[in-house]
Amino acid sequence: MCGIAAYFSRTDKNAARQVMLALYSQQHRGQESAGIAASNGDFIRLHKQMGYVKEVFSEAVLDQLAGMSAIGHVRYPTRGSAVLPNAQPYIIETLNGPIYAIASNGDIVNYEEVALDLKSRGVHFTSKNDGELLGRFIVYHHEREGLQIPEAIQLLMRRIRGAYSAVFLTRNQLYIFRDIHGFRPLIIGRVGPDIAVASESCALDILHAEDQREVPPGQIVVVTENNSYEIPQTDFLFKEAMPAQQPHHCIFELIYFARPDSFEFNEYVYNVRQKIGACLADYDSFSPDVVIPVPDSANFIALGYAQHKGVPFNFGLIRNHYVGRTFIKPDQYMRDESVRQKFNPLKDFFTGKRVVVVDDSIVRGTTIRKIIRMIKRAGAKEVHLRIGSPPVKFSCYYGIDTPTREELIANNMTIEQIREYVGADSLKYLSLEDLRKCVSAPERFCYACFDGHYPEPKFLGTKPVTVEENVE
Ligand code: SF4
């Protein structure tokens, strides 16, 4: 998971500042690095660095990125380690200088095959990153094979499998495109005469963008100098190769990743989370003294649970917001450290209480185990764990850094064994059937990390994997 943003203006030379604001609102989508590429009409300048948005972009840096169009990226690593060469955006250098840049969110499942093919044609790579692959594919087919850029992107959609929501910048145009399944979100809006793009609507809100709408899966939007935006009609290549696909939006975006104030995949994120909480409560006969969330992603799930049950909701754990999300820390040592630093129980709050703790999901189980131990040490009489998603049994190949199957606790243990391992007095998960009830068009979502039904099973990994192999 990463976050992207773009801004295209006719009069304002501060496009990079607008992108910076949009990235700042999407810091939750990636905390390892941040970058902006901006065009001044003649060439594209880039600044990217490891760290948070506010650390990476000083006033002086933003001054150097003056220009009327810009794209940006915040990264958390999936393919490739957390090092600067893998940070985005990417500039694709040509004989005419730095005139193309790309930023993307997602994971490409046939990366090796496509990269090998491009390398055999003399294309040189500087990283292992998916964004660079997309950019080099487009530029190769545009500059060397003579395709127009929209045609090169259409060819990309035919050849490249997996998840990508992307923005591609030239000196005077912006291309916005999304994979045929629409795994990751991508939203476009108008700011007066300007065009703004972001992964999440919360980033467009901060720019006061109006007329916000999702970029449809498998579509390209071209923004030109007169500030109009259009979807090219020349999609014959795409239609020829790929008949209309059912969207497969990532359900985990709604459960965990997206900010609750975002409108994503035609759903209000906070609303879906409250429905999840209500569903969890529906089949739960236990009546606690208090319901608390694991903050922040489970806040609305816990609220929905407590409201539906008519029991008290409160915040028993205080989160240090400067530590970052535990799940997206790149290695186990960093995750362990940040759990201890991240949560602290309120003094005298838990004493003698029977508590329901609500979390959005369990991946490895290590974080929630420490949290439950912390709450018990704080005096709770009983701790009952409720999870706002089904057991995560399968890895994700579409842009979420879930561990290998072997590391997923629900792949190795029964629910009762998990309960025992995390130290809860009882444990209940939301069923897949109930999760599907919490969105208005359940058939438009991917649930592969729960049921193993990958939208593109034959492309997964180097070893071919079939759906049958994956379903338990
Ligand atoms: S496998 Fe899970 S995390 Fe990955 S896209 Fe599908 S629902 Fe999202």
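All values derive from a computational prediction rather than experimental measurement. In listed order, ligands and their atoms are each counted from 1.
Close approach of ligand 1 to I400 (heavy-atom distance below 4.0 Å) involves ligand atoms 3 (S). Heavy-atom proximity to C250, at under 4.0 Å, picks out these atoms of ligand 1: 3 (S), 5 (S), 7 (S), 8 (Fe).
The residues R419 and E416 are annotated as salt-bridged, a charged nitrogen and a carboxylate oxygen being separated by less than 4.0 angstrom.
Taking the centre of each ring, F450 and F252 come in below the 6.0 Å mark. Between F263 and F265, the ring center distance fails the sub-6.0 Å criterion. Annotation: F168 is in aromatic contact with Y100 [ring centroid separation under 6.0 Å].
Residue H249 does not touch ligand 1, judged by heavy-atom distances below 4.0 Å.
For atom 7 (S) of ligand 1, the candidate residues are C396, C446, A448; the nearest heavy-atom contact is made by C446.
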Going through the distances and angles, do E200 and R259 end up as a salt bridge (Lys or Arg N to Asp or Glu O under 4.0 Å)? CA-CA 8 Å; E200 287 191 35; R259 254 175 55 166; 5.6 Å; no

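Residue C449: an N/O/S atom is found under 2.8 Å from atom 2 (Fe) of ligand 1.
Distance from atom 5 (S) of ligand 1 to its nearest protein heavy atom, with residue and atom name: R184 NH2, 3.4 Å.
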